[in-house]
Amino acid sequence: ASAEPLLKVEGLEGWYSESHILHGVSFDVREGEVVTLLGRNGAGKTTTLKAVMGILAKRSGSVMFEGRETIRLPARAIARLGIALCPEERAIFSSLSVEENLMLPPQVRPGGLTVEQIFELFPNIKERLSSQGTKLSGGEQQMLAIGRILRTGAKLLLLDEPTEGLAPVIVQQIGRTIARLKQQGFTIVLVEQNFHFAAVVADRHYVVEQGRVIDTIPNEDLAANTEKLHRYLGV
Ligand code: ATP
């Protein structure tokens with residue numbers, strides 16, 4: 001493993017106009033790792049992903065990607081470096097077909113997957129190629145939303161609660177897909193509420209509370225820390 005993390009977030013602060021939401025988030029991810037941000041609703045996980053992606057306008061601190069400071073770069077420039085965000089609301093265009101949805105994001109770097117390669121990862125959506133976005137199930141929409149960002153050529157994927165509201169069998173499928181993406185060399189930051197799912201796919205977990213990372217748990221220590229996690233997550 002290389003010494004330098006692919007992504008190093010340090011003392012990240014963030015605001016929605018006057019509301020100060022992030023109070024110094026720090027975590028890092030090495031190339032090829034999957035890490036999660038765990039925490040209660042409103043802890044600041046989504047806001048952290050938005051700040052890393054550069055779509056949270058008001059932010060400070062440090063976000064180093066491949067050794068380069070991105071905190072002052074606009075989102076477009078950050079995307080070009082190879083970071084992509086799959087938002088919680090999935091943002092599938094309902095009036096467009098599956099294929100049209102897939103073709104939407106621009107390829108920002110070489111190395112983006114082709115539509116064929118995306119269908120290899122998600123055979124279910126291939127069958128729905130000409131269906132409209134609205135006709136897809138929640139699970140199919142989630143797969144399309146993840147598939148879509150793979151076209152960009154990003155090597156760091158920020159996935160915001162991909163399992164939310166999905167049936168257990170679909171959650172398992174998404175878990176297998178994340179495992180395959182990791183095998184293919186993608187690096188992933190995953191926001192999750194479901195830590196049973198997180199345990200299957202991640203190398204390490206960062207617990208977010210009130211806009212800070214308050215604990216770091218290696219995946220192998222997760223089982224020994226379930227009680228603590230229940231407390232953190234309020235479950
Ligand atoms: P969730 O699982 O609910 O998305 P989260 O940990 O991702 O939880 P965030 O969405 O990052 O939490 O929200 C952190 C805080 O920021 C919350 O108090 C929320 O109310 C606030 N917030 C989120 N979006 C906005 C916004 N657009 N404008 C103002 N405040 C916001």
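Note that these values count all heavy atoms, side chains included, but never hydrogens, waters or copies made by symmetry. Atoms within each ligand, like the ligands themselves, are counted from 1 in listed order. One is the number of the first residue; the rest follow in order along the sequence.
For atom 8 (O) of ligand 1, the candidate residues are G211, G42, G44; the nearest heavy-atom contact is made by G42.
Screening residues 201-225 for salt bridge (charged side-chain N to carboxylate O under 4.0 Å, His left out), with sequence neighbours left out, gives E33-R204, K182-D203, D215-K228.
Screening R109, K8, K155 for a salt bridge (charged side-chain N to carboxylate O under 4.0 Å, His left out) involving E66 leaves a single residue, K155.
Per-residue contacts place T47 under 4.0 angstrom from the following atoms of ligand 1 (heavy atoms of the residue considered): 9 (P), 11 (O), 13 (O), 14 (C). Annotation for ligand 1: atoms under 4.0 Å from non-hydrogen atoms of R40 are 6 (O). Every atom of ligand 1 is numbered from 1 in the order shown, and the set under 4.0 Å from a heavy atom of A43 is 5 (P), 6 (O), 12 (O). Near Q193, the atoms of ligand 1 lying under 4.0 angstrom from a non-hydrogen atom of the residue are 2 (O). Close contacts between ligand 1 and T46 involve ligand atoms 4 (O), 5 (P), 7 (O), 10 (O), 11 (O) [criterion: under 4.0 Å to a heavy atom]. Against a heavy-atom cut-off of under 4.0 Å, I21 is close to the following atoms of ligand 1: 14 (C), 15 (C), 16 (O), 21 (C). Proximity to E161 (heavy-atom distance under 4.0 Å) selects the following atoms of ligand 1: 2 (O).
Looking at N41 against ligand 1, both its backbone and its side chain come within 4.0 Å, counting heavy atoms. Here E88 has side-chain heavy atoms under 4.0 Å from ligand 1, and that is the only part of it that gets that close.
Of the N and O atoms on the side chains of D160 and T46, at least one donor lies less than 3.5 Å from an acceptor on the other residue. For Y16 and T47, the side-chain atoms include at least one donor-acceptor pair closer than 3.5 Å.
Looking only at heavy atoms of the protein, atom 30 (N) of ligand 1 is closest to Y16 CD1, 3.4 Å.
The closest donor-acceptor contact from the side chain of N219 to the backbone of A199 lies under 3.5 Å.
The number of heavy-atom neighbours closer than 6.0 Å to CZ of R76, taken from other residues, nucleotides and ligands shown, is 12 or below. The environment of Q210 atom CD is sparse: at most 12 non-hydrogen atoms of other residues, nucleotides or ligands sit within 6.0 angstrom.
Under the 4.0 angstrom criterion, atom 4 (O) of ligand 1 counts as having a protein heavy-atom contact. Not a single protein heavy atom sits closer than 4.0 Å to atom 19 (C) of ligand 1.
Ring orientation note: the planes of W15 and H20 are close to parallel, at an angle under 30° on the 30°/60° scale.
Within the 4.0 Å heavy-atom shell around ligand 1 one does not find G39.
The shortest N or O to N or O distance between K50 and ligand 1 is not below 3.5 Å.
In this structure, Q142 CD and L136 CG are separated by 12.0 Å, a value rounded to the nearest 0.5 Å.
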After noting the C-alpha distance and the side-chain angles of N41 and Q193, does the key distance pass the side-chain hydrogen bond (donor to acceptor under 3.5 Å, both in side chains) rule? CA-CA 8 Å; N41 286 329; Q193 302 265 4; 2.8 Å; yes
